[in-house]
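These notes concern the structure reproduced below.
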Amino acid sequence: MSPGEIIWRFGQKRLYSHERKSFARKTPVFDVNAYGNAPQADLSRLGICLDNSNFSVGAEIELLGGYPYTDYRKRWHAAFQTPGDWPFRPSADYSFGAEYVPGDIRTNWELNRHYQFAVLAKSFYVTNDQGYLAELIDLFTDWNKQNPFMWGPEWSSPMEESIRLINWLFAAAFLEASEDTDASELRKRLCVGAWCMAAHVRKHYSHYSSANNHTIVEAAGVAVASVVFGQRNWLEEALALLETEVALQTHADGVNKEQALHYELFVMEALCLVSHVLNAAGQKLPKSIESQLHSMARYARACCVCKGSYIEFGDDDEGAILNLESCKQCYPEYVLALVSLEIGDGARYAEDVACCETLDWLYSQEQVSDVMQLPPVANASVESFCEGGITIVRFDEGRAVLAFDHGPLGFGQLAAHGHADALSVQLYVDGEPVLIDPGTYVYNGNREARYRFRSTSVHNTVSIDNRCQSEALGPFLWGRKANVSAFSLETSEGDICMSAKHDGYAPVIALRSVNVAGPKVTICDSLSGDFGCYGVARFHFPNDEIALNNGGAEYALESGRFVRFEFDASFNSCPFKFSDSYGSLSDGTVVDVPFDRAMSTVITINER
């Protein structure tokens, strides 16, 4: 830890100690006067298209893990994974990654981001149904009673405050547009609370080794609030931080250094919302950020397999900042449409820029129509992002997509959201997943599962002696990290050959080459160095319908075709658990292929 970080961390501890005394009296956030009086909010600067006619109404939202909203609508401290609640204490006193916490705090935070506040306010605006307003008032009153400022788990993360304040401001804007006098007091309290949250976040930005997507989302929340409340100094500070962090956290080729597509999209949404609010106020996002957004969008677009299906390595907690409908949107398509509408420059990154209701509330039908007239960004047959370490190959006349991970573990000292998946592959055929990433499952409350879902053994790569390539020290912390090197890519008359190696098992070096020719993929794995060990190549499938025969395995596709795997070593199969959505588990099959020094796998796509 650098001297600067040590000083900063001591400063944060002193600040929290001061806040513990200042906010010992449990006060709702809208009654906190520590940051001065809130200026008048100009909610028109949120840029809401109030004449939108394409809307839904509702009083519920989807929760992570499939938990029923009606059972938890007021259980603000629910642990979810266990029957109890998170203990109520000063916000600085929580350690969510500790061994015996009651649940996964990310699941809890989903409820407390308050998407439902914006959905209820919107539903009241379009219907004038007092039931929606009554429900919103009831929830708002109860939440503030149970969550006084700086008390409870909901105040322990500045990023969560930033997401919440944005949803409070959008809720306030819909209430203001309703022109209902019964909603005026609630609107004022939402605005004052949002102001207080933004002022508090400014004092607690994540820095140094704690800086990742959190810092960007925190600054985005402050930027949105600064425009709404007309705070020029806040805005200059937030935009300067965004420029610095976006450049620091993004490779030149557009891949986010956290090595997780979801968090790249999360950052992109934050930046686009800032851009939208700036545009509504007659201002512009800095050019350097716009340029980075285009690079990021090109990478995210390259990860598209087909509508609703994207190649994702690393963590994915399904987080979003704004969702103005009760059901979850397809997040990659929403964000790519958002970029296309916000900073499009002659092409669109999404097939459909009217893919969800949230966009209809941010842009007019004319704006959407104009962008839909632009040509979509076309994906090439080979797209290699060498700095980010992802290469995507489209083959078999475009019906198959293979991704090869040859990048670093993750961002900075912590590499918090990276997985130990160096040299792993993913494969889709006819839009169907064949070789899959295991997903994320949960962050906290189940340390063994957190370690397992990040481990080498659940990814389509080679492990040695069942060890992990990199050393996990905590739920969001890595020690020794595998280093990937010597990546090469060659193309010749339609054939593609790529290879790389890593030192995660030093002194043994793992080398993998991937060759694609027509409908065939050949993967060659080899180990060099001190051989007192064995290797195992693993291949993970999304169900148990694997036919083992004639020295290989066959995977049947819904399209009627099948994928044949042939190994030049003995192999076996067994069930494994993967997580295709946060907090849920599904059954799959893993094929293990033990080998000594080298082995090869031939994958062929066949017609029935």
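Only heavy atoms go into these numbers, but all of them, side chains included; no hydrogens, no water, no symmetry mates.
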* Begin from the C-alpha positions of H276 and Y363 and carry the test ring pair (Phe, Tyr, Trp, His ring centres under 6.0 Å) through to its verdict. => CA-CA 10 Å; H276 188 75; Y363 303 96; 4.9 Å; yes

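- A donor-acceptor contact shorter than 3.5 Å links the side chain of R301 to the backbone of V377.
- Ionic pairing of E357 and K122 is present here: one or more N-O contacts between side-chain nitrogen and carboxylate oxygen are shorter than 4.0 angstrom.
- For the side chain to side chain contact (heavy atoms under 4.5 Å, CB included) with Y349, the lone residue among V339, L293, V335 that qualifies is V339.
- The only option from F149, W195, F140 that meets the ring-ring contact (aromatic ring centres under 6.0 Å, His included) definition with F30 turns out to be F140.
- Between F96 and Y94, the ring planes lie parallel to each other; the angle is under 30°, not in the 30° to 60° tilted range.
- Of the possible polar contacts, none joining the E60 side chain to the Y69 backbone as a donor-acceptor pair under 3.5 Å is found.
- Put simply, the side chain of D360 does not reach to within 4.5 Å of the side chain of E325, judged on heavy atoms.
- Taking the centre and axis of the six-membered ring of W155, the NZ or CZ atom of R164 falls inside the cone set by 45° and 6.0 Å.
- For the residue pair E161 / H204, no side-chain donor-acceptor distance below 3.5 Å is found, with atom types taken as modelled.
- Residues H262 and H417 are not in side-chain contact: their nearest non-hydrogen atoms beyond the backbone lie 4.5 Å or more apart.
- Not one N or O on the side chain of Q367 forms a donor-acceptor pair closer than 3.5 Å with the backbone of L341.
- Salt bridge E237/R202: present, at least one basic N to carboxylate O contact under 4.0 Å.
- Judged by the 6.0 Å distance and 45° axis criteria, R450 is positioned over the aromatic ring of F476.
- The backbone N or O of L261 sits nowhere less than 3.5 Å from a side-chain atom of D316 that would complete a donor-acceptor pair.
- Using a 4.0 Å cut-off between charged side-chain N and carboxylate O, R394 and E383 make a salt bridge.
- Side chain of D253 to main chain of G388: a donor-acceptor pair is present (N/O by atom type, distance under 3.5 Å, no hydrogens or angles).
- Remark: side-chain polar atoms of E269 are paired, donor with acceptor, to backbone N or O of L322 under 3.5 angstrom.
- Side chains of D31 and N144 form no contact here, defined as non-hydrogen atoms less than 4.5 Å apart.
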